Chemist: 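My questions all concern the structure below.
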Amino acid sequence: MNNKLYGNLIFELSHPGRRAYSLPKNEFGHHELPSGQRREKDAELPECDEMTVVRHYTNMSGNNFGVDNGFYPLGSCTMKYNPPINEEMAALPAFGALHPLQPESTAQGALEMEYRLQKALCAITGMSDFTLNPCAGAHGELTGLMIIRSYHQSRGDERRIKVIVPDSAHGTNPASAAVCGLEVLEVKSTENGLVDLDDLRSVVEENKDDLAAMMMTNPNTLGLFEKDIPEITQLIHAAGGLMYYDGANLNPMLGIARPADMGFDVMHINLHKTFSTPHGGGGPGSGPVGVRAGLETFLPKPHVVLKDGRYEVENPAATEEYSVGNNHVGAFLGNFLVIVRALTYILSLGKENIKKVGPLSVLNANYIKESLKDDYELPIIGVCKHEFVFNGLKDKSSGVTTMDVAKRLLDYGYHAPTIYFPLLFHEAMMIEPTENESKETIDGFISVMHKIAKEARETPDVVKTAPHTTPITRVDDVLAAKHPILTYRQMVSDNQTSGK
């Protein structure tokens with residue numbers, strides 16, 4: 001874009017005395033704030049006219065990439081389309097203007113909506129009950145592990161503090177276990193990318209008296225269904241542990257299989273992945289946690305229930321010794337408007353069409369995989385589920401890396417897939433198209449990926465120096481991580497010091 005203002009910060013467009021606002025005449029008089037509540041000096045704010053402000057932020061918004069303006073094959077994150085009707089429902093004044101401390105009698109519609117979502121998630125997953133309180137996937141993991149720990153404590157099994165996590169797991173799994181005060185035991189994968197049963201048996205045997213649970217994602221982060229899941233759940237249950245389902249990859253299971261039927265006891269769902277509500281940039285999110293029959297009393301509260309035809313909110317009672325209690329005081333009943341979007345999505349599809357989500361996401365992923373495997377190294381052969389992993393280019397003689405391919409994709413208008421995860425492969429490139437994309441969109445992505453592979457063979461420097469069409473080219477990732485410039489004042493100071 002040939003606009004010299006496009007890449008500037010709003011501070012750099014500032015001129016003293018310019019304003020983009022006008023305030024009404026003061027009708028309330030002048031009142032001094034107490035000295036302890038006043039700044040020692042004026043805030044350093046940019047001074048710009050309205051048109052400059054509007055153009056600046058409009059142009060800057062063009063740097064944002066989302067599902068609404070391009071293909072977003074981010075493996076493991078399920079960046080699916082968020083239909084406008086979701087936003088219409090979330091924007092209804094009756095929902096948006098609710099206050100969390102309103103009397104229950106004035107919020108029956110909202111409570112009914114939460115209750116219906118709890119029941120819908122139970123039907124989809126096979127679980128007995130759900131809490132909508134957790135505000136993210138990792139928050140859901142922590143809540144689920146707290147439930148598991150409380151379950152063991154209620155039975156006098158205080159020593160059960162060890163959690164088995166496959167080496168292919170999401171990084172939040174061991175992190176959540178550690179935050180919960182549990183000890184993590186790693187189990188290895190086979191060369192086919194599945195849990196190594198022999199290694200698992202050995203780990204279980206050595207720790208059977210201390211085992212609290214095993215955390216699993218199914219399909220796993222390689223996009224492979226853990227075909228030995230019945231034996232795995234039986235092995236863990238026989239040792240006295242519970243099975244925890246990381247719901248990050250639930251999308252391909254919709255209409256195909258339910259975690260409870262696989263033998264899982266506790267699970268979380270990422271509403272902001274599987275049920276379309278938008279995420280990225282730190283939020284918004286929602287990570288409801290479900291439990292099998294017999295574990296309902298351990299769910300956190302507040303919790304919506306139906307009694308005598310009215311919806312009520314159960315709050316933690318002092319007598320509930322082993323309940324998790326309120327796991328997020330500030331969130332009350334969870335991220336409410338994310339919950340609105342998720343129920344809208346489920347009701348829009350209905351029980352007939354929600355069964356198509358899983359098969360279509362699997363079809364799209366396998367189509368891309370089979371179309372590209374001649375140019376990109378496929379370390380695990382076979383049918384994948386919703387996502388799959390390449391190990392970089394098949395021809396590595398050019399020295400073009402997965403990072404280079406990801407950067408070059410930006411020049412063609414595509415968001416890069418997840419790269420360098422999972423850690424099982426050195427040049428991992430994880431691709432997930434979701435069920436939403438048309439064949440034409442997928443074919444366009446496949447064509448560009450073939451083109452980049454050809455460039456890597458014939459003109460590798462073009463790929464190694466990409467991107468070429470973005471507002472900035474490659475940055476020094478290490479320098480940015482170790483010495484981030486977080487404020488305009490710091491940027492000015494750093495430039496003056498360096499003579500720039």
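Just so we're clear, the structure is a prediction, and the values are computed from it rather than from any experiment.
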Chemist: Hey, could you give me the CG/CD distance between Asp210 and Glu183, rounded to the nearest 0.5 Å?
Modeler: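 So the gap between those two atoms works out to 8.0 Å.
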Chemist: Does any donor atom in the side chain of Thr344 or Asn86 lie under 3.5 Å from an acceptor atom in the other side chain?
Modeler: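 Their side chains do not contain a donor-acceptor pair, so the 3.5 Å distance test is not met.
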Chemist: Ignoring hydrogens and angles, tell me if any N or O in the side chain of Glu427 forms a donor-acceptor pair with the backbone of Thr402 under 3.5 Å.
Modeler: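 It does hold such a pair.
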Chemist: For the residue pair Ala293 and Ser128, what are the closest heavy atoms and their distance?
Modeler: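 What the structure gives for the nearest pair is N-CB, 3.4 Å.
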Chemist: Look at the side chain of His268 and the backbone N and O of Val289, then say whether any donor-acceptor pair between them is shorter than 3.5 Å.
Modeler: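 Here the side-chain-to-backbone pair does not exist.
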Chemist: At their closest point, which heavy atom of Leu424 faces which heavy atom of Ser189, and how far apart are they?
Modeler: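 Shortest heavy-atom separation between Leu424 and Ser189 comes out as CD1-OG, 4.4 Å.
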Chemist: Dump the intermediate steps for salt bridge (charged side-chain N to carboxylate O under 4.0 Å, His left out) on Asp167 and Lys188, then the final yes or no.
Modeler: CA-CA 5 Å; Asp167 60 5; Lys188 299 187 182 303; 5.6 Å; no
Chemist: With Asn251 as reference, evaluate Lys80, His386, Lys273 under the side-chain hydrogen bond (donor to acceptor under 3.5 Å, both in side chains) test and give the passing residue.
Modeler: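 For Asn251, the side-chain hydrogen bond (donor to acceptor under 3.5 Å, both in side chains) test succeeds with only one of Lys80, His386, Lys273, which is Lys80.
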Chemist: Roughly how far, to the nearest 0.5 Å, is OG of Ser168 from CZ of Phe421?
Modeler: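 Here the rounded value is 8.0 Å.
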Chemist: First locate atom CG of Asp443, then atom OG of Ser371, and finally report the distance between them rounded to the nearest 0.5 Å.
Modeler: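 Rounded to the nearest 0.5 Å, the CG-OG separation comes out at 7.0 Å.
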Chemist: Are Arg408 and Asp404 packed together at the side-chain level, in the sense that at least one heavy-atom pair is separated by less than 4.5 angstrom?
Modeler: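 No, their side chains stay 4.5 Å or more apart.
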Chemist: Any donor and acceptor pair, going by atom type alone, linking the side chain of Asn173 with main-chain N or O of Val165 inside 3.5 Å?
Modeler: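 Pair absent, no side-chain N/O of Asn173 close to backbone of Val165.
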Chemist: Is the number of heavy atoms from other residues, nucleotides or ligands under 6.0 Å of His237 NE2 greater than 12?
Modeler: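 Yes, NE2 of His237 has more than 12 neighbouring heavy atoms, counting only those of other groups under 6.0 Å.
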Chemist: Taking atom NZ of Lys356 and atom CG of Leu254, what is their separation to the nearest 0.5 Å?
Modeler: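 Between Lys356 NZ and Leu254 CG, I get 14.0 Å after rounding to 0.5 Å.
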Chemist: Just by modelled atom types, is the Leu211 backbone N or O under 3.5 Å from a matching donor or acceptor in the Arg160 side chain?
Modeler: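 Yes; at least one donor-acceptor contact below 3.5 Å.
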Chemist: Given 3.5 Å as the limit, does a donor-acceptor pair link the side chain of Asp265 with the main chain of Arg292, or not?
Modeler: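 Between the backbone of Arg292 and the side chain of Asp265 there is no qualifying donor-acceptor contact (under 3.5 Å).
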Chemist: Would you mind reporting whether Val204 and Ile236 have side-chain heavy atoms less than 4.5 Å apart?
Modeler: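 Side chain of Ile236 against side chain of Val204, heavy atoms only: contact under 4.5 Å found.
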Chemist: Pair up each side-chain donor or acceptor in residues 71-79 with any protein partner under 3.5 Å, not counting sequence neighbours, and list the distances.
Modeler:
residue: Tyr72; atom: OH; partner: His415; partner atom: NE2; Å: 3.3
residue: Ser76; atom: OG; partner: His170; partner atom: NE2; Å: 2.5
residue: Thr78; atom: OG1; partner: Glu432; partner atom: OE1; Å: 3.4
residue: Thr78; atom: OG1; partner: Glu432; partner atom: OE2; Å: 2.9

Chemist: Does Thr469 offer a backbone N or O that forms a donor-acceptor pair with the side chain of Asp411 under 3.5 Å?
Modeler: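 Yes: the side chain of Asp411 pairs with the backbone of Thr469.
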Chemist: Testing the basics here: between Ala110 and Phe336, what is the closest heavy-atom pair and its distance to 0.1 Å?
Modeler: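 Smallest heavy-atom distance, with atoms named: CB-CZ, 3.6 Å.
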Chemist: Taking the side chain as C-beta and beyond, is there a heavy-atom pair between Leu299 and Asn133 under 4.5 Å?
Modeler: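 Not touching, per the 4.5 Å side-chain cut-off.
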Chemist: More than 12 heavy atoms of other residues, nucleotides or ligands under 6.0 Å from CD of Glu370: is that the case?
Modeler: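 Counting neighbours around CD of Glu370, more than 12 heavy atoms of other residues, nucleotides or ligands fall under 6.0 Å, so yes.
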Chemist: When rounded to the nearest 0.5 angstrom, what distance separates CG in Leu363 from NZ in Lys439?
Modeler: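 Here the rounded value is 10.5 Å.
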Chemist: Taking all non-hydrogen atoms of both residues, which atom of Asn391 and which atom of Ala428 are closest, and how far apart?
Modeler: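 Here Asn391 and Ala428 meet closest at OD1-N, 4.0 Å.
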Chemist: Would you give the length of the straight line joining atom CG of Asn218 to atom CG of Leu250, rounded to the nearest 0.5 angstrom?
Modeler: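 Reported value, rounded in 0.5 Å steps: 10.5 Å.
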Chemist: Could you tell me whether a side-chain N or O of Lys369 sits under 3.5 Å from a main-chain N or O of Gly382, the two making a donor and an acceptor?
Modeler: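 Yes; judged by distance alone, with no hydrogens or angles, the pair exists.
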Chemist: Determine, step by step, whether Thr277 and Ser286 satisfy the side chain to side chain contact (heavy atoms under 4.5 Å, CB included) criterion, reporting the C-alpha distance in whole Å, the side-chain angles of both residues, the deciding distance to 0.1 Å, and the verdict.
Modeler: CA-CA 9 Å; Thr277 58; Ser286 181; over 6 Å; no
Chemist: Is a donor on one side and an acceptor on the other found under 3.5 Å between the side chain of Glu231 and the backbone of Asp228?
Modeler: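 Flag not set: sc Glu231 to bb Asp228 has no pair under 3.5 Å.
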Chemist: Side chains of Met215 and Leu145: does their closest heavy-atom pair fall under 4.5 Å?
Modeler: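 Yes, close enough: below the 4.5 Å cut-off.
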Chemist: Is the closest side-chain heavy-atom distance between Lys301 and Asn315 below 4.5 Å?
Modeler: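 They are not in contact (no side-chain heavy atoms under 4.5 Å apart), so the answer is no.
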Chemist: Would you say that Pro417 contacts Met430 through its side chain, given a criterion of any heavy-atom pair below 4.5 Å between the two side chains?
Modeler: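 Side-chain contact under 4.5 Å: no.
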Chemist: Are the side chain of Tyr311 and the backbone of Glu114 linked by a donor-acceptor contact shorter than 3.5 Å?
Modeler: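 Not at all, since once roles are kept as given, no pair shorter than 3.5 Å links the two residues.
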Chemist: Looking just at side-chain N and O atoms, do Glu435 and Asn364 make a donor-acceptor pair shorter than 3.5 Å?
Modeler: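 No, Asn364 and Glu435 have no side-chain donor paired with an acceptor closer than 3.5 Å.
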Chemist: Looking only at non-hydrogen atoms, find the nearest pair between Leu410 and Ala416 and report the distance.
Modeler: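 Minimum heavy-atom contact is CD2-N, 4.4 Å.
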Chemist: Show your working on side chain to side chain contact (heavy atoms under 4.5 Å, CB included) between Arg116 and Ile346 and close with a plain yes or no.
Modeler: CA-CA 11 Å; Arg116 291 182 67 180; Ile346 292 172; over 6 Å; no
Chemist: Is any side-chain heavy atom of Phe264 closer than 4.5 Å to a side-chain heavy atom of Thr125?
Modeler: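 Not touching, per the 4.5 Å side-chain cut-off.
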Chemist: Take Leu121 and Phe275, measure what side chain to side chain contact (heavy atoms under 4.5 Å, CB included) needs, and give me the verdict at the end.
Modeler: CA-CA 10 Å; Leu121 297 181; Phe275 298 104; 3.8 Å; yes
Chemist: So, the side chain of Asn192 versus the backbone of Leu194: is there a donor-acceptor pair under 3.5 Å, distance only?
Modeler: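 Pair absent, no side-chain N/O of Asn192 close to backbone of Leu194.
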Chemist: Less than 3.5 Å apart, any donor N or O on the side chain of Arg341 or Tyr345 sitting next to an acceptor on the other?
Modeler: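 No, because no side-chain N or O of Arg341 sits under 3.5 Å from a partner of the opposite role on Tyr345.
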Chemist: Testing the basics here: between Thr172 and Ala138, what is the closest heavy-atom pair and its distance to 0.1 Å?
Modeler: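 Scanning both residues completely, I find the closest heavy atoms to be CG2-CB, 4.1 Å.
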Chemist: Among Val195, Val203, Leu235, Ile232, exactly one meets side-chain contact (heavy atoms from CB on, under 4.5 Å) together with Ile164. Which residue is that?
Modeler: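 Option passing the side-chain contact (heavy atoms from CB on, under 4.5 Å) with Ile164: Val203.
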Chemist: Apply side chain to side chain contact (heavy atoms under 4.5 Å, CB included) to residues His272 and Asn335 and explain how you reach the verdict.
Modeler: CA-CA 11 Å; His272 52 284; Asn335 276 346; over 6 Å; no
Chemist: Is there a side-chain contact between Phe130 and Val291 (heavy atoms, below 4.5 Å)?
Modeler: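 With C-beta onward as the side chain, the pair stays apart.
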